[in-house]
2 protein chains.
Amino acid sequence: MDPSRPTARTSKPPLEGPGSREKILDVAEALFARRGFAGVGLREVADQVGLGKSSLFHHFRNKVQLYLEVLLRVLGRIDERMRPALAAPGPPIERLDRGLDALIDALAEHPASARLLLRGLVEDEAFPADLGPEGDTVERRIAELLGGIQGLLREGIEQGAFRRVSIPHTMQTLIGATVYHFASGEFGEDLLGGPLLSADEVRRRKDEVRALLHHGLAA
Amino acid sequence: MDPSRPTARTSKPPLEGPGSREKILDVAEALFARRGFAGVGLREVADQVGLGKSSLFHHFRNKVQLYLEVLLRVLGRIDERMRPALAAPGPPIERLDRGLDALIDALAEHPASARLLLRGLVEDEAFPADLGPEGDTVERRIAELLGGIQGLLREGIEQGAFRRVSIPHTMQTLIGATVYHFASGEFGEDLLGGPLLSADEVRRRKDEVRALLHHGLAA
DNA sequence: GTCTATACTACGATAGAC
DNA sequence: GTCTATCGTAGTATAGAC
């Protein structure tokens, strides 16, 4: 990809495959999802990665930045799936169906995603006030994802395909039906009486959301 | 209530009105809602109450018990409102409407409730594993609240008034539409473009949930 | 019932050797 | 790029005076 990179290396084989950085993000993602920002100590992260605590600071400026990078990676994975689904041609209702299917697939693929996202949405005050540049990037990413759905809702209403619902309230209902559901973990599994992420239950959740749209939204 | 208690006290006027215990619960409720269990230090609680850190331990065995008592009070307030609404006579769909209205009123009345509840549902692993007797009480309380709704859903389906929806998935959708919505804080307010708890927006949320039931559930 | 004092552990973060 | 050592702070919790 990068033509300036020399073909033969001089020293220090860069350890192709997951470097420390990715491994740290993997571990941190799982831990932050389970216990939140304040509930995770960098020592635990380092131990699970197999590094000393101090080595983490070589890869990330501080704990907040690590958390935000984890969040950004999650948002990236979701965006990767949702964007093409929303953009594909077709009437609004179909694009919405496909977009939410893509969202659900993304949430189901990485079990930590929904929890991190829910925390990101709900936990305003869990961090030191200023988040630096990464914080803005996270907010922008979220706004983009929301914008895609909101635009479709607006479009469908304008075309007369949807009822004149409140767009913000519909957004909240959809977020609840998707992000909350897959973030509900053990509680959700108790309710369902089985795993949340089995192929069956993921399909049932898609059906539930689809029914929500078709019964509640279609004109 | 307790006949063994003497009618006239010997000393130490018991400071009728909100004693320290209630004040601690109030402060802790607000803080835990904002930053979660691990994100709150007992020092901050004590400072805001106007006590020394150590004095908290005179009222609560430890931090976990304080958290659970906060949660129990929240659950009690919700139960207080929902139980009579669900029990009142009428066809299932009306009782469901009234029950969810009562839930929304309860969530809107104390802004911390929804967040604490959402955390309670979603944050399994945020605490030391064993929660003692209060933990069981919390779980039982939640199960009771859920049971009321689930029972109504089942009843409505049996009577042919509701479509044959998946009860657990419908529960998840309803929890998302109520608890998640009122827990969404600043994010939700950005989405709505105004306060989440204004009389107007609370009413709109009730309408949204009602529409969810009537379009998605009614046969 | 609240206080001061204290024990012990963990935290995030930095410095500097290798 | 990882390590050891260390800094300063704050965490939960206990003991005991008042």
Side-chain angles (χ1 to χ4, degrees), chain A residues 9-28 31-32 34-70 125-132 134-135, chain B residues 5 9-28 31-32 34-70 123 125-132 134-135:
Chain A
R9 313 189 190 273
T10 51
S11 64
K12 283 183 190 165
L15 197 42
E16 218 70 16
S20 282
R21 201 187 151 83
E22 295 296 311
K23 202 161 3 182
I24 295 169
L25 285 172
D26 289 341
V27 169
L31 286 173
F32 282 137
R34 279 210 286 273
R35 290 205 292 280
F37 179 76
V40 175
L42 294 183
R43 176 184 185 166
E44 197 178 0
V45 176
D47 281 355
Q48 287 194 26
V49 176
L51 287 179
K53 197 174 41 158
S54 307
S55 305
L56 300 182
F57 291 92
H58 196 82
H59 299 275
F60 304 93
R61 282 199 315 279
N62 51 42
K63 192 187 176 185
V64 171
Q65 198 218 349
L66 170 58
Y67 184 85
L68 291 174
E69 299 252 1
V70 166
E125 327 198 38
F127 322 92
D130 189 33
L131 301 176
E134 290 91 355
Chain B
R5 181 150 57 86
R9 314 193 188 272
T10 51
S11 65
K12 285 183 191 166
L15 197 45
E16 218 70 17
S20 281
R21 201 188 151 83
E22 294 296 310
K23 204 164 0 185
I24 294 169
L25 285 172
D26 288 340
V27 168
L31 286 173
F32 282 138
R34 279 211 286 275
R35 292 206 290 280
F37 178 76
V40 175
L42 294 184
R43 170 176 191 174
E44 198 178 359
V45 177
D47 281 354
Q48 287 194 26
V49 176
L51 287 179
K53 207 175 27 162
S54 305
S55 306
L56 300 181
F57 292 93
H58 196 80
H59 300 273
F60 303 93
R61 282 200 315 279
N62 52 42
K63 192 186 176 185
V64 170
Q65 198 219 348
L66 170 58
Y67 185 85
L68 292 174
E69 298 251 1
V70 166
E123 301 204 343
E125 327 198 39
F127 321 91
D130 189 33
L131 301 177
E134 291 89 355

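Heavy-atom basis, side chains included; hydrogens, waters and symmetry copies ignored. Reminder, nothing fancy here: chain letters follow the sequence lines and each chain counts from 1.
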Just N and O in the side chain of A/Ser55: are any of them under 4.0 Å from OP1 or OP2 of D/dC3? yes
Roughly how many Å is it from NZ in A/Lys53 to C1' in C/dC11, rounded to a whole number? 6 Å
For A/Leu42 and C/dT14, what is the distance between atoms CG and P respectively, to the nearest whole Å? 12 Å
Please work out whether the ring planes of A/Phe37 and A/Tyr67 are parallel, tilted or perpendicular, with thresholds of 30° and 60°. perpendicular
Nearest-angstrom distance from the residue atom CZ of A/Phe57 to P of D/dT6: 18 Å
How many angstroms lie between atom CZ of B/Arg21 and atom CG of B/Leu66, to the nearest 0.5 angstrom? 9.0 Å
Nearest 0.5 Å, please: how far is CG in A/Leu68 from NZ in A/Lys63? 12.0 Å
Please state whether the base of C/dT4 and the side chain of B/Ser54 form at least one donor-acceptor pair under 3.5 Å? yes
C/dT14 C1' sits how many Å from A/Asn62 CG, rounded? 13 Å
Of the listed nucleotides D/dC3, C/dC3, D/dG11, the one nearest the side chain of B/Arg43: D/dG11
Can you measure A/His59 atom NE2 to D/dG1 atom P for me and round it to whole angstrom units? 6 Å
Pair A/Arg61-A/Glu69, salt bridge (charged side-chain N to carboxylate O under 4.0 Å, His left out): steps then yes or no: CA-CA 11 Å; A/Arg61 282 199 315 279; A/Glu69 299 252 1; over 6 Å; no
Whole angstrom is fine here: how far is it from CG in B/Leu51 over to P in C/dC3? 5 Å
Just call it for B/Val40: base, sugar-phosphate, or nothing, with non-hydrogen atoms closer than 4.0 Å on any strand. sugar-phosphate
Whole Å only: how far is the NE2 atom of B/His58 from the C1' atom of D/dT14? 14 Å
Could you state the CG-P distance from B/Leu56 to D/dT14, rounded to the nearest angstrom? 13 Å
